[in-house]
There are 2 protein chains.
Amino acid sequence: MQKNYAVLLKENGLKSTFQRTHILENIHALGHGSIDSIYQKITQIHPTLSLATVYKNIVLMVEKGVLVEVPILGQKSKYELSKKEHIHLICTACGEVEDQDYTEEKAKLFHQLTQKENFHLSSQQINLYGTCHLCNKI
Amino acid sequence: MQKNYAVLLKENGLKSTFQRTHILENIHALGHGSIDSIYQKITQIHPTLSLATVYKNIVLMVEKGVLVEVPILGQKSKYELSKKEHIHLICTACGEVEDQDYTEEKAKLFHQLTQKENFHLSSQQINLYGTCHLCNKI
DNA sequence: CTCTGTGCAAAGCGTTTGCAAACGA
DNA sequence: TCGTTTGCAAACGCTTTGCACAGAG
């Protein structure tokens, strides 16, 4: 796991450091992490981590395409590892973000639906807001 | 035009003021406005407008459902008037946001595609990032 | 050894808040 | 008139920056 992130970083021209691999591991574990939640979590095992370091690295890794920003209605942005297209199910009660994959077929359909002449699509973000299964039980 | 916004405000329990109707007119004219662009624009005709007033009113009108926040990758949120579901085409070169309506039929299809058990959908935001026709010419 | 990355503290901004005066109904 | 809204200025909190030291390759 740790080795993987070290490789990922090097592939993108970044040195592998304790801080960086842990940011990546943390985002992977959380699925989607906010700056603050990442900082809080890593501080538990590495108390001298600086918030500024988290900011600098998130910015850097977004620039390098290792991470993707996920802007969310009424919350601060979260960050996720770059991966194939998917939908975000965002719970307006607890704030959790869940990924929902869609098949190749559905992906194509989306592209057709969202096609527009004279607009060169580079990426898309589909966010569905509602209440998740856990919050629905309450 | 101005009358309409006065009515819209009153329907939502808000007093009609110069500042509020102008914020709404401005967002309508821009399509999507950031706090700052709204403030800049209105200040030209009403120089004593306070930025704090713009903030307070935007927050209030979002709460009342008159406005909707549009969070955008790498930018500050913009705001739009509440309206029927649509797609945002966001130009990563110039930052402009364009709305693309979709038909009832397509809307249904979207809902089917994005269906998930145990998740109660309340709203959706579909953002497509790319370059617009104007920026493509450059 | 060299260059990059980290931590700290300070600076910078965007946003929110409290309050007295102005305004809408 | 009465409750709401505005403008101002201060406070706040998140984010960025500069620099000396530490660490990766």
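Below, read A as the first sequence line, B as the second, and so on, with proteins coming before strands; counting in each chain starts at 1. Because the structure is predicted, anything quoted here is derived from the model rather than measured.
- Judged purely by atom type and a 3.5 angstrom limit, A:Thr21 uses its side chain to pair as donor or acceptor with the backbone of A:Thr17.
- In this structure, B:Ile35 reaches neither bases nor backbone, as no heavy-atom distance under 4.0 Å exists between it and the strands shown.
- By the 4.5 Å heavy-atom criterion applied to side chains, A:Tyr129 and A:Leu89 are not counted as neighbours.
- Under the 4.0 Å criterion applied to side-chain N and carboxylate O atoms, A:Asp36 and A:Lys76 are not assigned as salt-bridge partners.
- Comparing A:Thr53 and B:Tyr55 along DNA chain C, the residue whose closest nucleotide (by nearest heavy atom) sits nearer the 5' end is A:Thr53.
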What pairs of donor and acceptor atoms, side-chain ones from residues 59-72 of chain B against any protein atom, are under 3.5 angstrom apart with sequence neighbours left out?
unit_1, atom_1, unit_2, atom_2, d
B:Glu69, OE1, A:Gly74, N, 3.2
B:Glu69, OE2, B:Ser77, OG, 2.6

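- In this structure, the separation between CD1 on B:Ile58 and CD1 on B:Ile38 is 4.0 Å, given to the nearest 0.5 Å.
- If you take SG on A:Cys135 and CZ on B:Phe119, they are separated by 9.5 Å, rounding to the nearest 0.5 Å.
- Between A:Lys76 and the phosphate of D:dC14, there is a side-chain N or O to OP1/OP2 separation shorter than 4.0 Å.
- Distance NZ (B:Lys15) to P (D:dC2): 13 Å, rounded to an integer number of Å.
- As rounded to whole Å, 12 Å separates atom P of D:dA24 from atom NE2 of A:His22.
- When rounded to the nearest whole Å, the span between NZ of B:Lys64 and C1' of D:dT4 equals 12 Å.
- Two residues, A:Ala52 and B:Ala52, neighbour DNA chain D, and the one matched to the more 5' nucleotide by heavy-atom proximity is B:Ala52.
- Place B:Lys10 and B:Val59 on DNA chain C by their nearest nucleotides, and B:Val59 ends up nearer the 5' end.
- Base engagement by B:Lys56 is indicated by at least one non-hydrogen atom pair under 4.0 Å involving a base atom.
- When heavy atoms are screened at a 4.0 angstrom cut-off, A:Asp36 is found touching no nucleic acid atom at all.
- Between the CZ atom of A:Phe18 and the P atom of D:dG25 there is a distance of 15 Å, given to the nearest Å.
- Residue pairs meeting the side-chain hydrogen bond (donor to acceptor under 3.5 Å, both in side chains) criterion with at least one partner in residues 45-59 of chain B, sequence neighbours excluded, are B:Arg20-B:Asn57.
- Here chain B contacts DNA chain C (any atom closer than 4.0 Å to a heavy atom, that is under 4.0 Å), and the contacts span C:dG14 to C:dA25 from 5' to 3'.
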